[in-house]
*Asks:* 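Before anything else, here's the structure in question.
No hydrogens, no waters, no symmetry mates; every other heavy atom, side chains included, goes into these values.
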Amino acid sequence: MSENVVMMAVAMPIYHFLLMVPAFARAHRIFNPSSEEITTPNGSALAKPLVVDVNPEPRRAIDLVANNPDHPDAPFIRRAQGAHDNGWEGFTVFLAAMASAYIAQLDSKIVNVAIIVALVARFFYNIAYLSTSNPTLSFLRSGCFLIHHAALVYLMIKAIVEI
């Protein structure tokens, strides 16, 4: 039982860090734009994107850049925001699975393996989400999502059976 508590206490900050990574990546791209030049449809070069400084309204920077079709980093910033939002959505499932495992007093080996699988899947999910703009390769992201949630749902079902 105490092993589960230790693993859960370690897993929660790790998961929180993993869900924040896309937000850090997004912020880095917003405030340090890529060096690509923007060109208009007729081929004339525009200036490099301006560094967005909206400190009084920091969330406005996401909209300014992500919704600007001329900004070279807009697709990445939209993907980073999606990965970050999904991380928060997945965090609730993660917490529910850990609480279920704790209440049902599941075997620590089962809990540890499921938590590690979920964390590793979340890590690779972030990588796939941030780096994949190809629709075919986006299935890697979906696979990581399914593995992540399968491990957590397994814990919750196992807890229900044990109670």
Side-chain angles (χ1 to χ4, degrees), residues 7-41 45-101 111-157 159:
M7 181 61 177
M8 291 175 188
V10 170
M12 282 191 287
I14 291 172
Y15 195 98
H16 188 264
F17 173 78
L18 289 174
L19 75 85
M20 292 304 295
V21 167
F24 298 142
R26 179 195 65 220
H28 177 72
R29 285 285 181 96
I30 288 173
F31 296 108
N32 301 295
S34 70
S35 59
E36 297 177 30
E37 273 192 349
I38 300 173
T39 57
T40 62
L46 297 173
K48 290 181 183 177
L50 295 173
V51 174
V52 179
D53 184 14
V54 288
N55 199 39
E57 298 178 74
R59 292 182 186 215
R60 187 167 168 253
I62 297 167
D63 294 334
L64 287 175
V65 177
N67 297 327
N68 180 352
D70 295 328
H71 198 288
D73 293 326
F76 176 84
I77 290 166
R78 285 192 300 271
R79 287 193 312 272
Q81 183 63 41
H84 178 66
D85 292 345
N86 184 270
W88 279 112
E89 294 159 3
F91 193 51
T92 58
V93 178
F94 185 77
L95 292 175
M98 289 197 323
S100 300
V111 174
N112 291 347
V113 168
I115 287 175
I116 289 169
V117 167
L119 290 173
V120 170
R122 175 55 58 182
F123 173 78
F124 285 109
Y125 176 84
N126 283 342
I127 291 172
Y129 209 131
L130 293 175
S131 63
T132 304
S133 58
N134 180 326
T136 305
L137 293 176
S138 68
F139 287 107
L140 292 171
R141 181 186 75 218
S142 299
C144 293
F145 177 85
L146 289 174
I147 292 168
H148 170 262
H149 276 71
L152 300 177
V153 169
Y154 170 77
L155 272 183
M156 290 187 275
I157 291 172

*Asks:* If we only count heavy atoms from C-beta on, is the Phe94 to Leu119 side-chain gap below 4.5 Å?
*Replies:* yes
*Asks:* Could you state the interatomic distance from CG (Leu155) to CD1 (Ile115), rounded to the nearest 0.5 Å?
*Replies:* 6.5 Å
*Asks:* Answer whether the closest heavy-atom distance between the side chains of Arg78 and Pro75 falls below 4.5 Å.
*Replies:* yes
*Asks:* Which residue pairs pass the side chain to side chain donor-acceptor pair (under 3.5 Å) test when at least one of the two sits in residues 112-128, sequence neighbours left out?
*Replies:* Tyr15-Arg122, Asn86-Arg122, Asn86-Tyr125
*Asks:* Against the six-membered ring of Tyr129, is Arg79 placed for a cation-pi contact (under 6.0 Å from the centre, within 45° of the normal)?
*Replies:* no
*Asks:* Which value, rounded to the nearest 0.5 Å, describes the distance between Leu152 atom CG and Ile147 atom CD1?
*Replies:* 12.0 Å
*Asks:* Do other residues, nucleotides or ligands put more than 12 heavy atoms under 6.0 Å from Phe91 CZ?
*Replies:* yes
*Asks:* ring-ring contact (aromatic ring centres under 6.0 Å, His included) with Phe76: which residues, sequence neighbours excluded?
*Replies:* none
*Asks:* If you round to the nearest 0.5 Å, how far is CZ of Arg141 from CD1 of Ile127?
*Replies:* 14.0 Å
*Asks:* If you take all heavy atoms of Ala151 and Ala114, which pair is closest and at what distance?
*Replies:* CB-O, 3.6 Å
*Asks:* Do Met98 and Val111 make a side-chain contact, defined as non-hydrogen atoms from C-beta onward lying under 4.5 Å apart?
*Replies:* no
*Asks:* Please round to the nearest 0.5 Å and tell me the distance separating atom NE2 of His84 and atom CH2 of Trp88.
*Replies:* 6.5 Å
*Asks:* Could you tell me the separation between the CZ atom of Phe24 and the CZ atom of Phe17, rounded to the nearest 0.5 Å?
*Replies:* 6.5 Å
*Asks:* Please give me the minimum heavy-atom distance between Ala159 and Ser100, naming the atom from each residue.
*Replies:* CB-O, 3.4 Å
*Asks:* Is the closest side-chain heavy-atom distance between Val93 and Met156 below 4.5 Å?
*Replies:* yes
*Asks:* As a quick check of understanding, evaluate side-chain contact (heavy atoms from CB on, under 4.5 Å) for Leu95 and Met12, giving each step before the final call.
*Replies:* CA-CA 8 Å; Leu95 292 175; Met12 282 191 287; 3.6 Å; yes
